[in-house]
Structure formats: C-alpha cells, structure tokens
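Right, I'll just put the structure down here and ask away after.
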Number of protein chains: 2
Amino acid sequence: MVSSKEVAKHAGVSQSTVSRVMNDPSKVSKVARESVLRAIEELNYRPNSVARSLVNKKTKSIALISGPLHNPFFVETTTSIINFAKEYGYHTNVHFENFGDNMSLYKDVLSHKFDGLILSSIFYDDPIFEELKKLDVPFVMFNRKHQSGGHYVEIDNLAAGKLAAEHLLKLGHRDIAWIGGDLRTTTFHGRYKGFLDEITEQGIRLPEHFIQVNDTTQKEVHRAIESMLASKKRPTAIFAATDSIAIFILDYLLEKGYSVPDDISVIGMDNINWSSHHSFQLTTVGHDGPKNLGQLAIEHLMDLMNSKEKQEKINITVQPKVFVRKTTKEL
Amino acid sequence: MVSSKEVAKHAGVSQSTVSRVMNDPSKVSKVARESVLRAIEELNYRPNSVARSLVNKKTKSIALISGPLHNPFFVETTTSIINFAKEYGYHTNVHFENFGDNMSLYKDVLSHKFDGLILSSIFYDDPIFEELKKLDVPFVMFNRKHQSGGHYVEIDNLAAGKLAAEHLLKLGHRDIAWIGGDLRTTTFHGRYKGFLDEITEQGIRLPEHFIQVNDTTQKEVHRAIESMLASKKRPTAIFAATDSIAIFILDYLLEKGYSVPDDISVIGMDNINWSSHHSFQLTTVGHDGPKNLGQLAIEHLMDLMNSKEKQEKINITVQPKVFVRKTTKEL
DNA sequence: AGATTATTTGAATACGTATTCAAAAGTTTT
DNA sequence: AAAACTTTTGAATACGTATTCAAATAATCT
C-alpha cells in the first residue's frame, strides 16, 4: 500500500503537506496542492483509515448487537440502523445475540474499537451494563432495557401485554396460551406480566402447559406448540410474544390442518411489516409510528456521539395499540 | 484509555513485556507475567485494536455488500456470513447495495480498511471490479458475477429460468408474465434469458407489458403487477424472478381478491425459507443444499484470506431444481 | 567452577497518519 | 525599503502496539 510519505516524495513536498491536502486543502498553496493531487492520482493513494483512527481516536464505526434476523423485527431495525449510520459516515459492525452465552459475545465485540454501540441483547440484570459504563463508550439499548437505566428506547411492554389480553378476553376467550422467550429480558417479562395481570384480574387461572417459555427459533416454537396441543386441555387462543413467533405458530397450525382463526385464534406482537401481508393478516399489538425502535435508537446514539455537552438520559417508551386483522375471532 | 505503557509502569516492566504477555505469555517469566496480569486486571486494560491493526496490517474484519434485507434471501446469506466470519474471529461491516449509485457506496466502503470483501451488488460490467483488483484485497462475489471472472458463487440462473418456464409450460400456461429486477445483474439476466429461451422455443411470443423490469421493493412490485393487470390481456401465470418478488405479488393478488393459483399461478425463485411457510406454499426454483450462497462465499473468502499459497479461482455454480408447492396449477 | 547455551528483558524502531511549532517565504503597511 | 503581518512549509512528535536486536540473566554442560 502506498503511504502519504511516498506521495510526498513523489510530489516533492513533506508528508505534512500531503496530510493537509487530505484534510484541509485551503491550508496549502495552489501549486503544492495540485502537485500533491497529481501524485495521489498517479500512485492511486488511499489514506490508511487505521492510522487515521489511531491519531484521531475515532473509528467512524459503530457496533450493533441485534437479535437474530429470523425475527423480521430485527431485520427492520438492522436496516434502519445501518442506513442511518451510513448517512452520518459511520460503518456498522453487526453481531447477533448469542443465546447460550452473551458474555463471550460481549468480549468479542469489545475486542474491536468502535465509537458507539446499539444493543438489543441485554438482560434486565446483565453485568455487561457496568462494564460498558466503565469503558465510557456511548451506548443505547433498544427493545429491551436494564435495571440500572441508561439510554434506552422501548415499547410499553406491560401495556402491550394488557392490550393483547384485553382483545382476546373481549372476544370471549378464556383458555389463552402464551408462547414467548426468556423472561430475563424486559421485553418478554413486561409482555408476560401485562398479559397475566389482565387475565388474573378476570379471575382466570391458566394450566401450566399454557405457558411456554422458550428459545424463539422456528424449531423451538414448533416444539412448544406441539407439546401444548398434545394435551387434552387445549387453548382457544394463543398470545405469541412476538409476531415472529406468531408466524411460526401459523405455519405449524396450517401444516397440521388447523384453521386460523376458526379453530384457534392467534395474536402477535410488534406489528412488523410482514404481519399485514395478506397471506397472514395477523392481528397484533405494536407501535404505530413512522420510525421503528432501531431508528430511534440510532438517532439518539448519533446525538450522544456527536454533541459535546453531556446528554440527557434518553428514556423513550412508545405506546402500543391493537391492530385487528384476521387471525383472531369471537369464540 | 489505559495503554500498555501504563500497564508496564504499574507492573514495573517494559512495554515490550506487556505486549509479550498479551501475545505469547510463554515468552515471559512467571513472575513478570503474573505481575503484568495483575496490573492489567487492576487498570482494566484492553489492548487497542486500532494500534494493533496498524502494525499487524490486519483488521480482522470483513466488509459485506449485501442486497436489501427486505429480500429474505439476503437475510439468510447475511446471517450465515456474519456467523461464519465470527467463528474465525472476524467482524463484519454490513453495507447495502445502493441502487441509484453503487459507485459512491464503493467509495464509502473502501474508506475503511478490511481484510476481505463479499459482495452481491456487482453488475456484469461493473468498473469496481478493476478497482478491487488493483487494491489487491481478496473478494468473492455471490449470487452475481462479473464478466471478468474473479471468485464467485452463484446458482445456474439460466438453467433456473428454463426450469421455471418448463414447469409453467407443462401446466399448460402460454400467457406467462415476468417480473424481475435490473438486467445488468447476471442474476436477473440469466433468469430472464433462460425463461425467454424456453418460451421462445415453444413458439410463444409475449406482449410487451408481460415483461416488467423494476426495482424489487414491495412498492415497485405492486406497481408493476398493477399495471400489468390493468391491461385487457392478462397473464395466467407469473414468473417472479425472486421469491421475495413472488411474495410481494401474492400480497397484492390476495389483497385485490384474486385467488392463487385458481385465478393466476405464481412461481418464484431462490427457495428461501419463507417460501415453504404454509401460508404461502410457494412453488419455486432453487438450490437444494445445506449451505446457502452466502455461506459458500464466506467459506471461500476465509480460504483466500488465510492460506498463503495463491488460490485457485473459485467458480462455483450450483444447480437448481423445482420445488412444486401450491401456487401453481394446471391451466 | 568455568564455559557454553538458553531464556528473559528492555531500548529502539516501525506501522501511517495528524498536528504542533518554529522557520521560511510571501504580503501588506508605513 | 524597512517593518510588521500572514501564509505556507517541513521537522519533529504523538497515537498504542508488535518486533528486532543486543544485553543481561539463568540454566546446563564438561
């Protein structure tokens, strides 16, 4: 690779001058500038971003720790984040949550330098929070939050859980199942609690096998629904904690010959784009705004990184509403 | 940030020794090593990856230029690529193809250092190819290829187009529409040519409005199908050049009250995971293997980057087959 | 023990850029 | 034309690490 030093020699100036031409051409005389530009052209010089980062202490890149892309929610947020970051001249290093062991993932992520971090992977009591604080790197959580606060962007999961329960109760359902993911995340915990509070308030108690907490892959969701339907006591409606889970459930039910919503109602959560597809027409609960949570997160991260004054705590909780479509019906 | 120099001072050794402890602890005596490790612990030292990259001339990161994630094909390949790269200790910088102007995207991508590149964005006669050659950075193309060769992983698009056409012809269809993307990419070009060759061989000539070449977003696909169906002469079957397009078409048709395949048959291409979902049951043409094209691409990129000997040209063309499901039927 | 060999160490340097500082060259003012 | 500024320049240095090289220390052999 050709360096600024070689360009300098070729142009008959000092390396400093080459550097100036790259960063602030007005600081250099016309003759020198043109000579340098010619040399750059001829040698096909490209400044080494690594060396540049070393002195600037800026990498112009951010890290994203996302949930898995088999959940379309994260497809939408990841797209928003990468595109927005790009507008600001940042590259995005993408990582996926590692369900077994997030700590080793964090270690890996932190082994490279970056200027800011967005993560959706955090547990409510995750020790990574303190470590990030210590590292003094700007970060914002989206979709989930941490007990210690920090900057986060979320949906009101408790309210969302309540809304879903209300919707099903209003339709006359009493035997309602829940299928969701790890309750150590605020997302699932909040949605579950909201749901359960509402159900309990109506004096309903659910059999144990109506509550399935699992990994959120297609395979695991199919296993969960299968074991649930194998029992003599079956639910008339299923509350899936994410649209992604709901869509996996639809797949299973249709494959097995069930009709939705005639045999069984299904409600999801997140209002992802796919849920409105006319092959699904999934009833769901979610946010109704032009910006997804990832978009909100990256916008605020940019603020954090690029304004010198100490920022206010970013604590955004958007409100959910029910999107009634065709997968739920009166009992 | 605490540096190795500070650790050295704290531990009463030289910076060299700290560096040795980080890279090859066996090169340092037990007492020194322990003293250094203690200092590292106490100061919460983390080696600066940027400085490291500068001397090593390795960033341990790769760049990925992917198609948009609203196409689930790229969701699958992106996931495979990131995860595989991670196994090898590489971070992945993700970029999305910029339909209007890929040249500015390439410029942006190249402004950061990386050790290898995977791209699906290339045009058949894209000038970026020569530039990448000059830069001497290992890269492999997937899904598409370039006229000059290079390393690539693709499906046999010509054969795939033929297969789709054959399938529809065998079902008795003669009025077949095509909806696809930019023909400057080998993907769309090959699929189109294979389709057209087969159709033409049967003596069929299609009206102009049966061929729609567009951007592949939901909006554009809806516009294309809408204009096509507005005409008096309508197709009995549609060949969508990707499953993603096919699924957008399904959405439109169902929304407008058409029944698939009773009113109109639809065949896709890629055999993405979603196509087998029981809400779609999309007939499609694709590769039938455990590894998607992204996976194959990253595996070969790792070979390129990590073996010192000059590698053979990687030219992989996997063979497609028809997956008959429920969106096509006899006329 | 003395000689030889092996291990451990730190000083110096390189990686490629940006920036500071003082000197040089060029401009304007009187 | 000298004095007072302004602009342009290059040498030197810093960023934080890995590595080379020679010196110092420890271990092994005769």
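The chains referred to below are lettered A, B, ... by the order of the sequence lines, with proteins before strands, and numbering in each begins at 1. Quantities reported herein were computed from a predicted structural model and do not represent experimental measurements. Side-chain atoms are counted along with the backbone in the values below, which use heavy atoms only and exclude waters and symmetry mates.
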Heavy-atom side-chain contact between Tyr152(B) and Ile122(B) under 4.5 Å: no
Heavy-atom closest contact (Asn315(B) atom, Gly150(B) atom, distance): OD1-O, 3.0 Å
Touch class at under 4.0 angstrom, heavy-atom based, for Thr17(A) against every strand present: sugar-phosphate
Sequence neighbours excluded and cut-off under 3.5 Å, please list the side-chain donor-acceptor pairs for residues 293-301 of chain B, or say none.
from      : atom 1 : to        : atom 2 : distance (Å)
Gln295(B) : NE2    : Glu299(B) : OE2    : 2.9
Glu299(B) : OE1    : Lys291(B) : NZ     : 3.3
Glu299(B) : OE2    : Lys291(B) : NZ     : 3.3

Euclidean distance, Asn292(A) CG relative to Phe73(A) CZ, rounded to 0.5 Å: 7.0 Å
Range on DNA chain D touched by chain A - first to last nucleotide, heavy-atom distance under 4.0 Å: dT8(D) to dG16(D)
Verdict with reasoning, Arg184(B) to Tyr124(B), per side-chain contact (heavy atoms from CB on, under 4.5 Å): CA-CA 6 Å; Arg184(B) 286 175 298 171; Tyr124(B) 191 56; 5.9 Å; no
Mutual orientation of the aromatic rings belonging to Phe142(B) and Phe74(B) [parallel < 30°, tilted 30-60°, perpendicular > 60°]: perpendicular
Whether His91(A) and His112(B) hold their rings parallel, tilted or perpendicular, with breakpoints at 30° and 60°: parallel
Test of ring centre spacing under 6.0 Å for Phe129(B) and Tyr106(B): no
Members of residues 18-39 of chain B that approach DNA chain D, where some heavy atom sits under 4.0 Å away: Ser19(B), Arg20(B), Asn23(B)
Test item: side-chain donor near acceptor, Asn102(A) and Ser121(A), under 3.5 Å: no
For Phe99(B), ring pair (Phe, Tyr, Trp, His ring centres under 6.0 Å) partners two or more places apart: none
Gap between atom NZ of Lys107(A) and atom CZ of Arg46(B) - 0.5 Å precision: 9.5 Å
Positions of residues 6-15 of chain B (non-hydrogen atom under 4.0 Å from DNA chain D), listed by number: Gln15(B)
Exercise: identify the closest heavy-atom pair between Thr92(A) and Ala85(A): OG1-CB, 3.6 Å
Global bending angle along the helix from dA1(C)-dT30(D) to dT30(C)-dA1(D), which compares the axes of five pairs at either end, to 10 degrees: 30°
